[in-house]
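The structure presented is a predicted model; accordingly, all values stated were derived computationally and were not measured.
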Amino acid sequence: MAETEKLEEDLGSRDGEIPSADLTEATEQPVASRARRVAFTVVGLVILLFAGIRWRVREMPLERDEGEYAYAGQLILQGIPPYEIAYNMKLPGTYVAYAAILRTFGESAAGIHLGLLVVNGLTTVLMFFLARRLYGDLAGATAAASYGLLSTSEGVLGLAGHATHFVTLFAVAGLLFLVASRRSKNPLNSELGSTNPETLLNSGFASTNPETLKTYFAAGICMGLAFLMKQPGAVFILFGVQEIAWSGWKDREEPKKLGARIGVYGAGAAVPYLLTCAALYRAGVFAKFWFWTVSYARQYATSTDFMQGLKYLREIVPDLFFGAPVVWCFAAIGLFALVRERGKSVALSFAVSLLGWSFLGASAGLYYRNHYFIVMLPAICLLAGKAMAWSVAQLAERIRMSRLELSAIGIGVFALGCAQALYAQRAAFFEMSPEKIVRSEYGGNPFPEAIAFGKYIKDHCDADARVAVLGSEPEIYFYAQRHSATGYIYTYGLMEEQKFASAMQQEMIGEIEKAKPEYVVKVMVPASWLRKTNSDTAILYWAEKYIRDDYRLVGIADIGMTTTYHWDDAAEGYRPLSKYSVYLYKRRI
């Protein structure tokens, strides 16, 4: 009987109570190991399932964000620093991560998606350990399965390698260090998994011993790396400060330690950014780096008004929910459970506070793109795990069934919900070809066509030839393995209603005219420009004249239900039938 009760406790949430004295160590150890093996087995199966899905679609054409990271990573491998010949407002962490992936798995779309497979698997494992430490084995397995499903779902465009996947990897690692920094402070028990860290986080146990300070520093490093992947990662740094301050405020016996803890954590968070600034200054590109990631980024982040942002959010919520309804429903139950347990102080509980900060990160600039919400997934998955553990505990008090049986029922309900989500997305996950998936998710955007254009350019010019893409398709540079004639690898900024737009257009024009690119690609797809009502259109008129005077048409992609390509002589005189098309021009000798 004691053995069954112990197994039930391991499968449910850990409430921090000391095991009964009549349970012998000989009985506890094998049962705990058995529960642990079950949880690890579930997580292993989850990782294999979603790794299998990602492996099947590894040849997916790159979308434009992936193209940016891939091209920048390719340049890094060639010894060219970020912001030298390719500009963007994002911090360079994801560029370096892509460079590592390209070096490891090869410079191809498949190599990039294999790297994402590894990143996603690592984050799933970390998610398991984080939820397990907070709420128990059953919660850990639930959170891991939730992350695997949500982070792969179509609702967040999860099959593409966005920067937010890398933000989340480092953020979850940082969260684990934050939790670990308090576990050793429990005077009752220091064994992993034998107490409730959520209780410890709010109990006031504190320490500034060297080992704990090292853990704070490691947490800061991870959060700093999350920020370096993309600016919204800064919210995780702020979350860490709040958690340390909140626990320190409750530690009334040693309030002076709070400053040391925050100082060590803050120093760790600053290190990645400061080292990056130093490296870019030494490379001679710091001025460009500062303009794009600070000056221009500030303009970009403030260009959308509140009502427009609210409209974006309303449009995207259904996509997010239907990507994994069971996880969102469980998360709502988890939120309810924490409100019941914590009352007015629920906003400062670990999972709810994390939810608030991560929503702030997803709201950066009020643009609300699908993949921005990947930064919210750790909080959502923690709440889902909490729901599972809490529901089992509540039912055990009201139903004449063992916790072991109730846990099995909970697992079954959650598994059915996951199966429904997988079935709803079966076309993308199990049926469609990689190219059709991209067409289904991104419409007429020329992501499959970029492969053909990149191959043509690569096959028809020398390795040192320059290429200009008039549009926001940096993946063409990556496929062609040729340098851009201009640092403006996106044309979005040129069409925005912001004070730098006209000057940026003139700089792009000057760079192209100076480089005299051998090939020019003109993208006639609205989403590649995002032209607005009051956009400065000077560059469009310049491009028309520049191409007419110095270039001849050698390629057309007519994008419809199926794309038709016309090369060389066949391109002359062809008129596309669709409003979505891409043109390739070669410089006249």
Side-chain angles (χ1 to χ4, degrees), residues 62-109 111-116 118-120 122 160-171 221-234 271-294 296-297 300 364 369 371-372 374-375 450 454 469 472-484 486-490 492-493:
L62 301 180
E63 52 92 70
R64 57 177 59 95
D65 277 6
E66 291 179 300
E68 171 202 341
Y69 306 136
Y71 178 52
Q74 193 177 67
L75 294 178
I76 290 173
L77 294 180
Q78 296 169 8
I80 301 172
Y83 315 103
E84 182 172 301
I85 65 171
Y87 318 142
N88 195 255
M89 66 180 175
K90 301 184 185 77
L91 290 171
T94 303
Y95 300 159
V96 176
Y98 261 65
I101 288 173
L102 295 175
R103 175 62 61 85
T104 304
F105 297 104
E107 296 185 27
S108 66
I112 288 167
H113 293 132
L114 286 177
L116 178 61
V118 173
V119 168
N120 187 258
L122 287 173
H162 294 288
T164 41
H165 284 290
F166 298 87
V167 171
T168 303
L169 170 64
F170 289 106
I221 289 284
C222 290
M223 298 307 195
L225 288 171
F227 169 65
L228 199 62
M229 296 297 118
K230 196 177 183 183
Q231 286 91 329
V271 164
Y273 184 74
L274 293 177
L275 289 177
T276 298
C277 289
L280 295 175
Y281 180 83
R282 185 175 181 181
V285 295
F286 184 80
K288 283 286 188 184
F289 161 73
W290 189 261
F291 170 78
W292 282 96
T293 63
V294 179
Y296 168 68
Y300 177 83
R369 309 286 193 242
H371 54 92
Y372 288 8
I374 292 174
V375 300
V469 176
S472 301
E473 309 304 335
E475 65 275 13
I476 293 176
Y477 298 123
F478 173 73
Y479 292 128
Q481 297 183 9
R482 298 296 184 269
H483 290 173
S484 54
T486 172
Y488 288 86
I489 58 175
Y490 287 115
Y492 294 145

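Here salt bridge (Lys or Arg N to Asp or Glu O under 4.0 Å) pairs that include residues 69-89, with residues two or more places apart or in two chains, number zero. Sequence neighbours left out, not one pair with a member in residues 272-281 passes salt bridge (Lys or Arg N to Asp or Glu O under 4.0 Å).
The main-chain N or O of Ala160 is found under 3.5 Å from a side-chain atom of His165 such that the two form a donor-acceptor pair.
Of the inter-residue distances, the one linking Ile489 atom CD1 with Ile85 atom CD1 reads 9.5 Å to the nearest 0.5 angstrom. Rounding to the nearest 0.5 Å gives a distance of 7.0 Å between CG of Leu116 and CD1 of Ile101.
Annotation for Ser108 and Gly111: closest pair OG-N, 3.0 Å, computed over non-hydrogen atoms. Here the closest heavy-atom approach between residue Ala163 and residue Lys230 is recorded as CB-CD, 3.9 Å. For the pair Arg64 and Ser472, the tightest heavy-atom approach, listed with the atom from each and the gap, is NE-O, 2.8 Å. Counting all heavy atoms, side chain and backbone alike, Leu62 lies closest to Tyr479 at N-OH, 3.0 Å.
A search for side-chain hydrogen bond (donor to acceptor under 3.5 Å, both in side chains) contacts involving Tyr296 returns Glu496, not counting sequence neighbours. Not a single ring pair (Phe, Tyr, Trp, His ring centres under 6.0 Å) links Phe170 to another residue, sequence neighbours left out.
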Please tabulate, one pair per line, all N/O donor-acceptor pairs under 3.5 Å involving side-chain atoms of residues 287-294, not counting sequence neighbours.
unit_1: Lys288; atom_1: NZ; unit_2: Glu507; atom_2: OE2; d: 2.6
unit_1: Thr293; atom_1: OG1; unit_2: Phe289; atom_2: O; d: 2.6

Residues 65-82, side-chain donor-acceptor partners within the protein, below 3.5 Å, at least two apart:
unit_1: Asp65; atom_1: OD1; unit_2: Tyr490; atom_2: OH; d: 3.3
unit_1: Glu66; atom_1: OE1; unit_2: Glu63; atom_2: N; d: 3.0
unit_1: Glu66; atom_1: OE2; unit_2: His113; atom_2: NE2; d: 2.8
unit_1: Glu66; atom_1: OE2; unit_2: Gly161; atom_2: N; d: 2.7
unit_1: Glu68; atom_1: OE1; unit_2: Lys90; atom_2: NZ; d: 2.7
unit_1: Glu68; atom_1: OE1; unit_2: Tyr490; atom_2: OH; d: 2.7
unit_1: Glu68; atom_1: OE2; unit_2: Tyr95; atom_2: OH; d: 2.5
unit_1: Tyr71; atom_1: OH; unit_2: Ser484; atom_2: N; d: 2.8
unit_1: Tyr71; atom_1: OH; unit_2: Ser484; atom_2: OG; d: 3.0
unit_1: Gln74; atom_1: NE2; unit_2: Glu107; atom_2: OE1; d: 3.1
unit_1: Gln74; atom_1: NE2; unit_2: Phe478; atom_2: O; d: 3.3
unit_1: Gln78; atom_1: OE1; unit_2: His483; atom_2: NE2; d: 2.7

